[in-house]
2 protein chains.
Amino acid sequence: MTELSTMKDGVANQAEASDRVLQILAEAGRLFASKGFEGTSMRDIALACGISKSLLYHHFSNKDEIYARVAVGSTLELYLFVRDRIPDGPPSQKIRAFMVATAEYFRRYRWAWIASTTAFWNDPDRHRHKERLTRRDRFENFLRGLIQEAIDAGEIRKVDVPMTGRLILSSLNWMHRWYNPNKSATPEQIADIFFDMIFNGLRSGELVELPTAEPPKAGRRKSR
Amino acid sequence: MTELSTMKDGVANQAEASDRVLQILAEAGRLFASKGFEGTSMRDIALACGISKSLLYHHFSNKDEIYARVAVGSTLELYLFVRDRIPDGPPSQKIRAFMVATAEYFRRYRWAWIASTTAFWNDPDRHRHKERLTRRDRFENFLRGLIQEAIDAGEIRKVDVPMTGRLILSSLNWMHRWYNPNKSATPEQIADIFFDMIFNGLRSGELVELPTAEPPKAGRRKSR
DNA sequence: GCCGGGCTTGACCGATCGGTCGGTGAAAAC
DNA sequence: GTTTTCACCGACCGATCGGTCAAGCCCGGC
């Protein structure tokens, strides 16, 4: 039921869906995330929802559509979710906000996130696969824009932009494999730690402001 | 056939296996990696090998055993493979070597790597799951040891060791999702770039040697 | 009363799943 | 020359897969 409520208020294009549909999407997402698409049967989903298998076909035309609503339907939302949480300010802090917002999305829509980032990454459905890539590209290009912005502003050095984006996204995308909601920090805190490590580096040594650089931002390190 | 030869000379505990067994493991690994465990049928594997389905059961007792030989059987080897490629020298360079060696393993045993890091990550088989976790822990603890070593030597600042390990492994573990063998750099080169980003940081600014630090190592950045 | 229309169901379908079985043919062992 | 061994195959099994269908159930409007 917690899945249900968090999904309702977050994923915009599913706002008008009935409770039953939201329940099915929540349970299906959880199952897809834990057992994969092929490993999850329609009977499994029906059993988890406490309904008959036939009812699934009353609300959805087939298994693919359920998956599409779970995984594909929320990929666009990720971009919108994150974009709306980027504050005005120095570009490097926008990157930090990008990472924290992505982590928040992961925490709130965990099963949909896992299903969309792990299962079906080589989708046999050509059209849907293409659409997912388009949405994914929009999300990644947004990050690359922030990185380029930070380079232009002189806040980060002239690194390879796509490669930097991949490093940042890797740290976030892999989180679901080791994150334990009962232990350690929140996803947002973890994203903040990763930003610090990637931005400031692990290396010991004094950091000295460049004369041309903008005024110092929050969270700067002065070595140990 | 290339899969076959690379697998034969690399994965030690499969050295005595017949060509047919190696062929099955290679094709099965490729299929598991692209379609997942549940999404790959025994008929698929047999067809890919150009043999009958019955022959699979002549060489393996069941589908699980094939998966175990593909994924679990090579996880220990990853640790040994990487350990043997860590040179003597400054701890930070050991970390770099760790990343490069892991990337080399990824390049050479790509399908086994993908199968072991993606499919079946919540294994219904309790015993095998536990064994995989043990092997995985050994690999990760080895990295954490290197990180602690670098901290003790004063080469990297006092960061959270497990979290640092997760950041480094994330960058490597996610590589299979975007790496294109026909384009861009080799996995080893990518690992080197990631090490530079994580070790030196993205941040602009002059780095000044600490007086107590050891003599400079290769690859140091002197700002932009 | 009763009637129409969504929500819900169990029985059922053809296809495919992992796995088994008896048998073949050729080389190795005796 | 006979027997044993072994890689290999086609036919087949029960179970489960995704999906269909006709028929009930429930409930507000008449």
For this session: Calculate the interatomic distance between Leu22(A) atom CG and dC7(C) atom P; express it in whole Å.
Result: 14 Å
For this session: Please work out which of the three classes, parallel, tilted or perpendicular, describes the rings of His176(B) and Trp174(B), given edges at 30° and 60°.
Result: tilted
Seminar exercise, completed: Residues passing the salt bridge (Lys or Arg N to Asp or Glu O under 4.0 Å) test with Asp137(B), sequence neighbours excluded, are none
Exercise. For dT8(C), does OP1 or OP2 lie under 4.0 Å from any side-chain N or O of His58(A)?
Worked result: no
Exercise. For Leu55(A) and dC26(D), what is the distance between atoms CG and P respectively, to the nearest whole Å?
Worked result: 15 Å
Problem set entry | Set of salt bridge (Lys or Arg N to Asp or Glu O under 4.0 Å) partners for Arg138(B), sequence neighbours left out | none
For this session: Could you note down all residue pairs passing salt bridge (Lys or Arg N to Asp or Glu O under 4.0 Å) where residues 182-193 of chain B supplies at least one of them, sequence neighbours left out?
Result: Arg96(B)-Asp192(B), Arg107(B)-Glu188(B)
Problem set entry | Nearest-Å distance for atom pair NE2/P, residues His59(B) and dC9(D) | 9 Å
Exercise. Atom CD of Glu65(A) to atom C1' of dG19(D): distance rounded to whole Å?
Worked result: 14 Å
Exercise. How would you list all residue pairs meeting side-chain hydrogen bond (donor to acceptor under 3.5 Å, both in side chains) that involve residues 44-53 of chain B, not counting sequence neighbours?
Worked result: Lys35(B)-Asp44(B), Ser41(B)-Asp44(B)
For this session: Take the protein atom CZ of Phe60(A) and the nucleotide atom P of dC7(C), then report the distance between them rounded to whole Å.
Result: 12 Å
Under 3.5 Å, which N/O atoms of the protein pair with N/O atoms of nucleotides 17-23 of chain C?
from, atom 1, to, atom 2, distance (Å)
dG18(C), OP1, Thr40(B), O, 3.4
dG18(C), OP1, Lys63(B), NZ, 2.7
dG18(C), OP2, Met42(B), N, 2.9
dG18(C), N7, Arg43(B), NH1, 3.0
dG18(C), O6, Arg43(B), NH2, 3.0
dG19(C), OP2, Tyr57(B), OH, 3.2
dG19(C), OP2, Lys63(B), N, 2.9
dG19(C), N7, Lys53(B), NZ, 2.5
dG19(C), O6, Lys53(B), NZ, 2.2

For this session: Identify, with sequence neighbours excluded, every residue that meets side chain to side chain contact (heavy atoms under 4.5 Å, CB included) alongside Pro87(A).
Result: Ala97(A)
Problem set entry | Separation of atom CG in Leu56(B) from atom P in dG10(D), rounded to whole Å | 13 Å
